[in-house]
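Read the structure below first, then the notes.
Small disclaimer: the values here were computed from a predicted structure and weren't measured. For this chain, numbers begin at 1 and follow the sequence in order.
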Amino acid sequence: METDNGALVVNQARTSLVTKEERERRRREKEAQRDYGRGKRVNTKTIKDKKLRRNLKALESKYKAAALKAKDAEILLEETAGYLEPETELERTYKVKQEEIQEGVSIETAQKRFDLTLNQLGPYVFDYSRNGRDLLLGGRKGHST
(Lines give C-alpha, C1' and ligand atoms only; values in the text may rest on other atoms or scores of the structure.)
Protein backbone atom coordinates (compact mmCIF):
# COMPACT_ATOMS: atom_id res chain seq x y z
CA MET A 1 0.00 0.00 0.00
CA GLU A 2 1.31 3.43 -0.94
CA THR A 3 0.60 6.84 0.59
CA ASP A 4 0.17 10.17 -1.25
CA ASN A 5 3.86 10.99 -1.02
CA GLY A 6 4.98 7.64 -2.46
CA ALA A 7 6.10 6.08 0.83
CA LEU A 8 5.28 2.44 1.44
CA VAL A 9 3.27 1.49 4.52
CA VAL A 10 4.82 -1.41 6.40
CA ASN A 11 2.21 -3.92 7.55
CA GLN A 12 4.45 -5.76 9.96
CA ALA A 13 6.56 -3.82 12.40
CA ARG A 14 10.05 -4.82 13.44
CA THR A 15 8.56 -7.13 16.07
CA SER A 16 8.62 -9.84 13.44
CA LEU A 17 12.42 -9.84 13.87
CA VAL A 18 12.03 -10.67 17.56
CA THR A 19 11.69 -14.30 18.56
CA LYS A 20 8.47 -15.63 19.99
CA GLU A 21 10.12 -16.19 23.38
CA GLU A 22 11.34 -12.59 23.47
CA ARG A 23 7.85 -11.28 22.63
CA GLU A 24 6.37 -13.45 25.38
CA ARG A 25 8.98 -12.23 27.89
CA ARG A 26 8.26 -8.58 27.00
CA ARG A 27 4.50 -9.15 27.27
CA ARG A 28 4.97 -10.75 30.70
CA GLU A 29 7.16 -7.85 31.85
CA LYS A 30 4.61 -5.32 30.60
CA GLU A 31 1.75 -7.09 32.42
CA ALA A 32 3.83 -7.36 35.61
CA GLN A 33 4.69 -3.66 35.42
CA ARG A 34 1.04 -2.74 34.87
CA ASP A 35 -0.24 -4.90 37.75
CA TYR A 36 2.58 -4.70 40.30
CA GLY A 37 4.88 -1.92 39.11
CA ARG A 38 5.84 1.16 41.08
CA GLY A 39 4.97 3.74 38.45
CA LYS A 40 7.12 5.25 35.73
CA ARG A 41 10.72 4.17 35.46
CA VAL A 42 13.52 6.61 36.18
CA ASN A 43 15.36 7.60 33.01
CA THR A 44 18.92 6.78 34.04
CA LYS A 45 20.42 7.85 30.71
CA THR A 46 20.10 11.53 31.60
CA ILE A 47 21.92 11.20 34.95
CA LYS A 48 25.51 12.35 34.79
CA ASP A 49 26.72 11.04 38.15
CA LYS A 50 28.01 7.51 37.50
CA LYS A 51 27.52 6.21 41.02
CA LEU A 52 23.96 7.52 41.25
CA ARG A 53 23.14 6.17 37.78
CA ARG A 54 24.48 2.72 38.70
CA ASN A 55 22.54 2.69 41.99
CA LEU A 56 19.32 3.75 40.27
CA LYS A 57 19.78 1.11 37.56
CA ALA A 58 20.23 -1.55 40.23
CA LEU A 59 17.16 -0.28 42.06
CA GLU A 60 15.08 -0.30 38.86
CA SER A 61 16.17 -3.86 38.09
CA LYS A 62 15.16 -4.92 41.62
CA TYR A 63 11.72 -3.31 41.12
CA LYS A 64 11.38 -5.10 37.79
CA ALA A 65 12.36 -8.44 39.32
CA ALA A 66 9.95 -7.94 42.22
CA ALA A 67 7.10 -7.17 39.83
CA LEU A 68 7.90 -10.30 37.81
CA LYS A 69 8.02 -12.44 40.94
CA ALA A 70 4.69 -11.04 42.08
CA LYS A 71 3.22 -11.80 38.65
CA ASP A 72 4.60 -15.34 38.80
CA ALA A 73 3.16 -15.81 42.29
CA GLU A 74 -0.35 -15.26 40.90
CA ILE A 75 -0.54 -18.92 39.96
CA LEU A 76 -0.23 -19.79 43.63
CA LEU A 77 -3.37 -17.78 44.39
CA GLU A 78 -5.72 -19.71 42.11
CA GLU A 79 -8.29 -20.27 44.79
CA THR A 80 -10.58 -17.34 45.27
CA ALA A 81 -11.23 -16.15 48.78
CA GLY A 82 -14.30 -17.70 50.27
CA TYR A 83 -17.24 -15.81 51.60
CA LEU A 84 -20.64 -16.56 53.04
CA GLU A 85 -23.64 -15.73 50.93
CA PRO A 86 -26.97 -15.48 52.72
CA GLU A 87 -29.89 -17.34 51.18
CA THR A 88 -32.34 -14.56 52.01
CA GLU A 89 -31.98 -10.87 52.77
CA LEU A 90 -32.97 -11.43 56.38
CA GLU A 91 -30.32 -14.08 57.06
CA ARG A 92 -27.22 -12.76 58.86
CA THR A 93 -23.86 -14.33 58.10
CA TYR A 94 -22.39 -13.50 61.51
CA LYS A 95 -24.85 -15.93 63.09
CA VAL A 96 -23.44 -18.95 61.21
CA LYS A 97 -21.67 -21.40 63.51
CA GLN A 98 -18.31 -23.00 62.77
CA GLU A 99 -19.90 -26.46 62.75
CA GLU A 100 -22.19 -25.38 59.90
CA ILE A 101 -19.23 -24.01 57.96
CA GLN A 102 -17.22 -27.18 58.59
CA GLU A 103 -20.02 -29.32 57.12
CA GLY A 104 -20.04 -27.27 53.92
CA VAL A 105 -16.33 -27.16 53.09
CA SER A 106 -13.84 -29.74 51.84
CA ILE A 107 -12.15 -32.19 54.22
CA GLU A 108 -8.74 -30.46 53.92
CA THR A 109 -10.25 -27.11 54.85
CA ALA A 110 -12.26 -28.62 57.70
CA GLN A 111 -9.10 -30.11 59.20
CA LYS A 112 -7.55 -26.62 59.49
CA ARG A 113 -10.09 -25.54 62.07
CA PHE A 114 -8.72 -24.79 65.53
CA ASP A 115 -10.09 -23.69 68.88
CA LEU A 116 -8.47 -21.18 71.21
CA THR A 117 -9.24 -21.00 74.89
CA LEU A 118 -7.45 -17.96 76.23
CA ASN A 119 -8.74 -16.85 79.60
CA GLN A 120 -5.64 -16.13 81.68
CA LEU A 121 -3.55 -13.33 80.21
CA GLY A 122 -6.10 -11.26 78.23
CA PRO A 123 -7.33 -9.08 76.76
CA TYR A 124 -5.87 -10.34 73.49
CA VAL A 125 -5.27 -8.76 70.13
CA PHE A 126 -4.63 -10.72 66.96
CA ASP A 127 -3.71 -10.17 63.34
CA TYR A 128 -3.53 -12.47 60.32
CA SER A 129 -0.90 -12.26 57.62
CA ARG A 130 -2.09 -10.98 54.25
CA ASN A 131 -2.45 -14.46 52.81
CA GLY A 132 -4.25 -15.70 55.94
CA ARG A 133 -1.73 -18.43 56.67
CA ASP A 134 -0.14 -17.01 59.82
CA LEU A 135 -1.78 -15.65 62.95
CA LEU A 136 -0.15 -13.32 65.46
CA LEU A 137 -1.81 -13.38 68.85
CA GLY A 138 -0.71 -11.27 71.76
CA GLY A 139 -2.03 -10.67 75.25
CA ARG A 140 -1.72 -7.44 77.17
CA LYS A 141 0.05 -9.26 80.01
CA GLY A 142 2.89 -10.55 77.87
CA HIS A 143 1.52 -13.73 76.32
CA SER A 144 2.21 -14.18 72.60
CA THR A 145 1.88 -17.15 70.28
Side-chain angles (χ1 to χ4, degrees), residues 1-87 89 91-98 100-118 121-145:
M1 179 177 194
E2 216 171 284
T3 61
D4 295 340
N5 63 1
L8 293 175
V9 176
V10 178
N11 292 330
Q12 293 181 341
R14 294 188 62 145
T15 57
S16 61
L17 300 176
V18 179
T19 64
K20 186 176 181 179
E21 292 82 16
E22 181 67 18
R23 278 195 308 266
E24 180 64 26
R25 185 184 65 78
R26 287 182 185 172
R27 183 192 60 78
R28 209 172 114 247
E29 286 177 359
K30 189 175 180 181
E31 286 178 0
Q33 181 65 26
R34 182 191 68 222
D35 295 342
Y36 301 102
R38 296 177 52 97
K40 288 181 114 180
R41 294 187 59 150
V42 175
N43 186 6
T44 56
K45 293 180 181 178
T46 59
I47 298 174
K48 296 187 187 285
D49 186 7
K50 291 180 182 180
K51 186 176 180 182
L52 177 62
R53 182 174 52 231
R54 184 183 68 233
N55 288 341
L56 287 175
K57 278 184 182 181
L59 195 60
E60 287 294 329
S61 67
K62 285 181 184 180
Y63 290 156
K64 182 178 176 183
L68 283 172
K69 285 181 182 180
K71 184 70 176 169
D72 291 341
E74 280 182 352
I75 61 170
L76 301 175
L77 302 173
E78 287 181 355
E79 297 177 10
T80 57
Y83 60 93
L84 294 175
E85 187 174 313
E87 293 178 2
E89 290 182 19
E91 186 180 20
R92 300 292 174 229
T93 56
Y94 61 84
K95 292 186 176 183
V96 177
K97 295 189 166 112
Q98 286 192 16
E100 296 172 15
I101 295 172
Q102 194 170 6
E103 291 171 5
V105 296
S106 67
I107 296 172
E108 294 90 19
T109 305
Q111 289 175 347
K112 294 178 183 178
R113 177 184 170 193
F114 61 93
D115 293 319
L116 288 174
T117 306
L118 303 169
L121 301 172
Y124 289 93
V125 293
F126 68 94
D127 191 17
Y128 282 97
S129 62
R130 291 187 78 174
N131 63 4
R133 171 169 274 167
D134 299 313
L135 168 69
L136 175 66
L137 181 67
R140 186 171 286 172
K141 297 180 182 174
H143 181 83
S144 64
T145 304

With sequence neighbours excluded, tell me which residues meet side chain to side chain contact (heavy atoms under 4.5 Å, CB included) with [X].
| X | value |
| --- | --- |
| Arg34 | Glu31 |
| Tyr128 | Phe114, Phe126, Leu135 |
| Lys51 | Asp49, Arg54, Asn55 |
| Asn43 | Lys45, Thr46 |

Checklist entry - Can you check whether Asp134's main-chain N or O pairs, donor with acceptor, with Ser129's side chain at less than 3.5 Å? => result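 Judged by distance alone, yes, a pair lies under 3.5 Å.
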Next on the checklist: If we ignore hydrogens and angles and just use 3.5 Å, is the side chain of Glu91 paired with the main-chain N or O of Glu87 as donor and acceptor?
Outcome noted: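 Present.
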Write down the atom of [X], the atom of [Y], and the distance for their closest heavy-atom approach.
| X | Y | answer |
| --- | --- | --- |
| Val18 | Arg23 | O-NH1, 2.9 Å |
| Arg53 | Thr44 | CD-O, 3.1 Å |
| Ala32 | Ala67 | CB-O, 3.5 Å |

Item to check | Gln33 and Lys30: CA distance, side-chain angles, deciding distance, side chain to side chain contact (heavy atoms under 4.5 Å, CB included) verdict | outcome: CA-CA 5 Å; Gln33 181 65 26; Lys30 189 175 180 181; 5.8 Å; no
Next on the checklist: According to salt bridge (charged side-chain N to carboxylate O under 4.0 Å, His left out), does anything in residues 57-68 pair up with another residue at least two apart or in another chain? List the pairs.
Outcome noted: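 Residue pairs with at least one partner in residues 57-68: Glu29-Lys64, Arg41-Glu60.
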Checklist entry - For Arg25, does the CZ atom sit with more than 12 other heavy atoms under 6.0 Å from it, leaving out its own atoms? => result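 Correct, the count exceeds 12.
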Next on the checklist: Would you compute the distance between atom CD of Glu21 and atom CD of Glu24 and round it to the nearest 0.5 angstrom?
Outcome noted: 9.0 Å
Do any side-chain atoms of residues 100-108 form donor-acceptor pairs under 3.5 angstrom with protein atoms, and if so which ones, sequence neighbours left out?
from: Gln102; atom 1: OE1; to: Arg113; atom 2: NH1; distance (Å): 2.8
from: Gln102; atom 1: NE2; to: Ala110; atom 2: O; distance (Å): 3.4
from: Ser106; atom 1: OG; to: Thr109; atom 2: N; distance (Å): 3.4
from: Ser106; atom 1: OG; to: Thr109; atom 2: OG1; distance (Å): 3.0

